[in-house]
There are 2 protein chains.
Amino acid sequence: MSEQTDPVKRKPATSYDVARAAGVAQSTVSRCFSADSLISAETRQRVLSAAAELGYTPNTLARSLITQRSNTVALVITGYTMRDSPNVMYTLADALARQSMRVMLITAENDEDLRPAVLDLLGFPLDGLITCASMHADDSRQFLRRGVAMVSYNRKIEVPKVDAVLADHDGASRQIAEHLVRAGHKHLLCVAGPEEAPVSRERIDGFTAAVREAGLEVPHVLHTDFSYDDCKARFLAYVGKAKRLPQGIFCANDELAFAIMDACRYDLQLRVPEDVSIVGFDDVAVAERPSYLLSTVRPPAEVMANKAVELLLRRIREPDVRARTLRFDCELVERASARFGKP
Amino acid sequence: MSEQTDPVKRKPATSYDVARAAGVAQSTVSRCFSADSLISAETRQRVLSAAAELGYTPNTLARSLITQRSNTVALVITGYTMRDSPNVMYTLADALARQSMRVMLITAENDEDLRPAVLDLLGFPLDGLITCASMHADDSRQFLRRGVAMVSYNRKIEVPKVDAVLADHDGASRQIAEHLVRAGHKHLLCVAGPEEAPVSRERIDGFTAAVREAGLEVPHVLHTDFSYDDCKARFLAYVGKAKRLPQGIFCANDELAFAIMDACRYDLQLRVPEDVSIVGFDDVAVAERPSYLLSTVRPPAEVMANKAVELLLRRIREPDVRARTLRFDCELVERASARFGKP
DNA sequence: CTGAAAGCGCTTACAG
DNA sequence: CTGAAAGCGCTTACAG
């Protein structure tokens, strides 16, 4: 039986192996792989070619242990948010990668399921963490205590030293309400996610507050699990036993609005917007297609994601500056699915 | 000026700190945090409460360095795939998390941009890597050489010891072709992604091969950048100067099919499927909505993702078993957008 | 410019 | 059951 080493099982080469091959000290090898070290061109050349020969790359884990920088940022996100706005996630990950940060992805179906995975991360010396989900204040403090910089994306957070990037859902929802009221809609309906979904809640609250302030009857809120099917079913059930059809429907996001629009058109044979105005939120790609032409609200998601990364990097550099909350205006996108009243 | 330590800047407690607080050796502390160590209940109790007091969690980096297991798997995925099938990514990440694996996310807009980020990862002692993008064979070998288990998701890969999980795009596309031919469609068109997109190519190749074998004229292939707008524009331009309209259109994915359907209905005033049959691929959620009712193909994406993780774990345990390629049948989903001929 | 040495925070034989 | 010691693979003062 030969002693040939199988390349698959061979352990990666270390700086000692390279040092031996190049006839230098291990510390010299190390210097060749850090940016600003004084190394003679000739030595560097020899070391680098020995390294290439052995397929050597410095072990970043060992490096992190000693530099106390892991160059790793955790991205915490629920399955729902990921499926619903994959682009937010892509933009965050991409912006991080461009800053030479590694991205650790923490995901689970909802905030509660996320928690064990998040806590498990306490043992990993992260440089930073961006959360697109609501975290327990206690958990956040644990991370802060370990020196992890934190930024919250689209979730309010009341923990000191945690920055936040928020879309002004409240303001946009109020504008929608005002437009619908001004156009003469009297009977309004809201279609929301689950009771506890924070973004949905914010949007619906803003809308109903503005309707109340306009002196109209406060709209009924239909809660759903955010899915198309559930939304459609609940809406049809609601309409079935309601005294009258709503004239305007505000949905906490575009997917809900599509379900409502389909239900109105294909199940109830209503014309949109002649019989009913429908408004969504997010401006996903499908919204502008001719089959929907959904009036909606566009939060500046990419800008916000890039800003979140910027805030995070700043906080990594200066951990003790006061927490900043950046609030971004959303753009109203008026299409054919709703009658809006101009001021 | 007081010497009060700011909790935010305090370095995380180490096992030595806990040992001192509990009056035991550092190695004893370590034992309390590994599963199957012999520790007296009393000692463990004392150590654990000291640890809780200090907010101590073992540093997984240091642990990995010594155990040679990082419990980390890299997920390599392009922006396109991520936006197009966020659910694949979620399923992969979730399955990994359930196996107590950490997930490192590597993303970039396309295969080429992905490369630097992937190579950067060579320095991180991964346990495994799942790629949803095409990797250079050389790069794959570098990982294998470092003992990283690899699985390719929906990309053929010819490197030994790399497992693959594939949908049978070829077979499904051939079936679509046969159905369209049998229903009497003579003039067919294919709408593809970019020339080099591997999944798109596989689907289109299967379709055109079957059409050729059926003795019909080989369909023209319209290449697009996968975006709705580009697809629509190129299609309308093509139709504008074509001698006749195609009777059946096969699209490499559902998004392209939606663009084609909208163009047919709203720009060309054609009826679907009376004037033209349209078929997509993927069965995204929008496909079954009443505004589209798209006939399409459903690859068992969740099953495949779970299987990919299963293969990966198996290969982590047994690095040297022969490479396996699992090919999954897709389901034809017949809706209203195409006339299919029954055999 | 280069080397010898200490140390990052752990795990794990090895004794006792 | 517990402790002392070696070592995982690096970086970085400290000398020279």
Please check if any side-chain donor atom of A/Arg31 sits under 3.5 Å from a side-chain acceptor atom of A/Thr43, or the reverse. no

Winner on side-chain proximity to B/Ser30, out of C/dG9, D/dG9, C/dT11, is C/dT11

(request) Considering just the side-chain nitrogens and oxygens of B/Thr67, establish if one lies under 4.0 Å of OP1 or OP2 belonging to C/dT11. (result) no

Among D/dC10, C/dA4, D/dG3, the one nearest any side-chain atom of A/Gln26 is D/dC10

task: Looking at every strand, decide which applies to B/Tyr56 at a 4.0 Å heavy-atom threshold: base, sugar-phosphate, or nothing.
output: sugar-phosphate

Closest to the 5' end of DNA chain D, once B/Ile66 and B/Val24 are matched to their nearest nucleotides, is B/Val24

Comparing nearest nucleotides in DNA chain D, the 5'-proximal residue of the pair B/Ala25, B/Leu65 is B/Ala25

> How would you label the contact of A/Ser40 with the nucleic acid (heavy atoms, under 4.0 Å): base, sugar-phosphate, or nothing?
Replying inline: sugar-phosphate

**Study point:** Donor-acceptor under 3.5 Å (B/Asn71 side chain, B/Arg102 main chain)
**Key:** no

Regarding the side chain of A/Tyr16, the nearest nucleotide among C/dG9, C/dG3, D/dC10 is D/dC10

Quick note, B/Asn59 side chain, CB onward, closest among C/dC10, C/dG3, D/dG3 is C/dC10

inquiry  = Looking at D/dG3, I'd like to know if its phosphate oxygens (OP1 or OP2) sit under 4.0 Å from a side-chain N or O belonging to B/Thr28.
reply    = yes

* Are A/Arg115 and A/Asp111 close enough for a salt bridge, meaning some N to O gap below 4.0 Å? -> no

| message | Categorize A/Gln68 for me: base, sugar-phosphate, or nothing, with a 4.0 angstrom heavy-atom threshold over every strand shown. | response | sugar-phosphate

So salt bridge (charged side-chain N to carboxylate O under 4.0 Å, His left out) across residues 75-85 of chain A, not counting sequence neighbours, yields A/Arg83-A/Glu109

Applying the 3.5 Å cut-off to both distances, the Watson-Crick or G-U partner of C/dC14 turns out to be D/dG3

Q: Have a look at A/Ser27 and say if it touches a base, only the backbone sugar-phosphate, or nothing, with a 4.0 Å heavy-atom cut-off.
A: base

